[in-house]
Amino acid sequence: MIMTFDEYIKHYTDTKSMLLYLALALAFSVICVFYILMVVSISARFVDRSERKQFYYEKAHNTIQRFYEMVFAGASILSFLAVYYIIDRFVPDSSAFREFWDDWKDFLLLFLILLSIVVNNIIDRLLIPLKKVTKNDRGSVRLLGMVYVLLIFMYIKFIYENDNYDGFIMYFLGLMIGRFVYFDVSFRESIQTFLESMKNFPILILGLAYTAFMAYIGFGSGYLLIGNGVLVSTFIAHIYMIVAIFLIHHSHFMYIFARKPKTVHAVPKYYEDVEYDDPEYYDDADYDEPQYGGSDYDDAEYDEGENDDLEYFDPDEY
């Protein structure tokens, strides 16, 4: 049965279904975080004991946030493709916008691509700030996000046997090749860029597993609908994944298992224990300088002529 756009909205905004699907996304997000913590914990065993805690803290947060960035990158790419598909399908043929869309949809698709980049920056810098991800990490993960979405397309085409997105796949392949190879980049630099991105390959697999799980449960339960497009439903699943990540990130759940190690300052114990306002400190201190009235002053030899102009305080004058 073909549903109208309003019927799709009513279906996806059912409160009970939304809460159950969000709980599912939240549960699998926690599983992914624990999996990363376990892998980092194992790798930390091969680090020197003195640096182990710092390594575990930095590596755990960086890896988890790169995983988040992978989900954000995939969602941002799916967003402009989903919007393009929805407009192209649901806008009536008799409307004025349909005529405008048919004439300018290629340029509007380019605009949607640029808008998706802005959305990605808003998510990972403002909504869910990923402060442990470097600029190079962010670039390589976003680049691999194209492979992430391409594999989703392959899944839709060969598993669901849906040929509706062949045009998208060809367009996306061109976009991806253009990202790797352009006029002022040598072949060696392209290979180096690709290899740098492939360092995040385990995160790519984890992100695809997360997406596959959400799609399997979503389509199996009937919450995600094939009728409105598998691509659109996959994007809806990513919205729930982002909301789940938002809740985990801002609850500081990770800090329970990956706390920042205390910084030990190399301050000598002498300076830490001394209380300079304590008079006993001065009583017990051994000074090399002679005390007033002592013989050391009487026996001191002064260079004549250096202090002739100095006036000395003589208590007998008062």
Side-chain angles (χ1 to χ4, degrees), residues 11-43 59-79 82 119-120 123-124 127-130 132-133 137 141-142 144-145 147-156 159-160 200-226 228-258:
H11 171 80
Y12 284 116
T13 55
D14 178 70
T15 303
K16 182 179 178 180
S17 300
M18 290 176 66
L19 292 177
L20 288 175
Y21 202 57
L22 178 60
L24 179 72
L26 190 60
F28 202 79
S29 292
V30 172
I31 293 173
C32 291
V33 168
F34 272 115
Y35 175 78
I36 293 173
L37 290 175
M38 181 186 68
V39 173
V40 174
S41 178
I42 294 173
S43 63
K59 186 70 173 179
H61 284 269
N62 176 264
T63 306
I64 290 173
Q65 292 191 12
R66 280 187 287 125
F67 167 69
Y68 292 167
E69 183 65 37
M70 178 68 67
V71 175
F72 300 161
S76 66
I77 296 173
L78 289 172
S79 66
V119 171
N120 197 350
I123 293 175
D124 65 8
L127 188 62
I128 309 173
L130 304 182
K132 293 297 182 180
V133 177
D137 288 338
V141 171
R142 289 186 180 184
L144 205 60
V147 180
Y148 173 88
V149 175
L150 184 61
L151 291 174
I152 292 177
F153 275 133
M154 296 295 103
Y155 181 82
I156 293 173
I159 302 300
Y160 281 97
N200 296 292
F201 186 76
I203 298 175
L204 170 66
I205 299 301
L206 187 61
L208 288 172
Y210 189 7
T211 302
F213 180 80
M214 293 292 295
Y216 178 79
I217 300 298
F219 288 118
S221 63
Y223 181 68
L224 297 181
L225 301 174
I226 300 178
N228 67 315
V230 178
L231 180 65
V232 176
S233 296
T234 306
F235 171 63
I236 292 173
H238 277 74
I239 294 177
Y240 282 91
M241 293 160 65
I242 292 175
V243 174
I245 290 172
F246 175 87
L247 295 175
I248 293 176
H249 183 81
H250 288 286
S251 65
H252 300 289
F253 167 78
M254 286 172 43
Y255 289 91
I256 300 176
F257 305 96

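As the structure is a prediction and not an experimental result, all values here were calculated from the model.
Taken from CG in L37 to CD1 in I42, the straight-line distance is 11.5 Å, to the nearest 0.5 Å. How far CD1 of I242 is from CG of L247: 12.0 Å, rounded to the nearest 0.5 Å.
Aromatic ring centres of F28 and Y35 lie farther apart than the 6.0 Å criterion allows. Taking the six-membered ring for Trp, Y255 and H61 have ring centres closer than 6.0 Å.
For the pair T234 (side chain) and V230 (backbone), a donor-acceptor distance under 3.5 Å is present. S41 places no side-chain N or O within 3.5 Å of a backbone atom of M38 that could act as its donor or acceptor partner. Of the possible donor and acceptor atoms, one in the side chain of S233 sits under 3.5 Å from a partner among the backbone N and O of L225. Proximity of a side-chain donor or acceptor of Y148 to a complementary backbone N or O of V141 within less than 3.5 Å is not detected. A distance-only check finds no donor-acceptor pair linking the side chain of H249 to the backbone of Q65 [under 3.5 Å]. Judged by distance alone, with hydrogens and angles left aside, the side-chain atoms of Y210 form a donor-acceptor pair with the main-chain N or O of A25 at under 3.5 Å. Between the side chain of T63 and the backbone N or O of A60 there is no donor-acceptor pair closer than 3.5 Å.
Residue F201 places its CZ atom among 12 or fewer non-hydrogen atoms of other residues, nucleotides or ligands, all under 6.0 Å distant.
With F67 as the partner, the side chain to side chain contact (heavy atoms under 4.5 Å, CB included) test is satisfied by one option alone out of N62, L204, N200, I203: I203.
Residues M241 and T211 have side chains in contact (heavy-atom distance under 4.5 Å, counting atoms from C-beta outward). Side-chain contact between F246 and I123 is absent, with no heavy atoms from C-beta onward closer than 4.5 Å. The shortest distance between side-chain heavy atoms of L20 and L24 does not fall below 4.5 Å. Counting only heavy atoms from C-beta outward, the side chains of E69 and L130 approach each other to under 4.5 Å. Looking only at side-chain heavy atoms (C-beta outward), V30 and F253 come within less than 4.5 Å of each other.
The two residues C32 and L206 make their nearest non-hydrogen contact at SG-CD1, 4.0 Å. The two residues D124 and F72 have their closest heavy-atom pair at CB-CD1, 3.9 Å. Across all their heavy atoms, I128 and H250 have their closest contact at CA-NE2, 4.2 Å. Looking at every heavy atom in both residues, S76 comes nearest to N120 through OG-ND2, 3.5 Å. Of all heavy-atom pairs spanning H238 and V71, the tightest one is CD2-O, 3.9 Å.
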When you look at Y68 and V133, which way does the side-chain contact (heavy atoms from CB on, under 4.5 Å) test go after all the steps? CA-CA 10 Å; Y68 292 167; V133 177; over 6 Å; no
Report the C-alpha separation of M18 and L22 in whole Å, then their side-chain angles, then the decisive distance to 0.1 Å, and conclude whether the side-chain contact (heavy atoms from CB on, under 4.5 Å) test is met. CA-CA 6 Å; M18 290 176 66; L22 178 60; over 6 Å; no
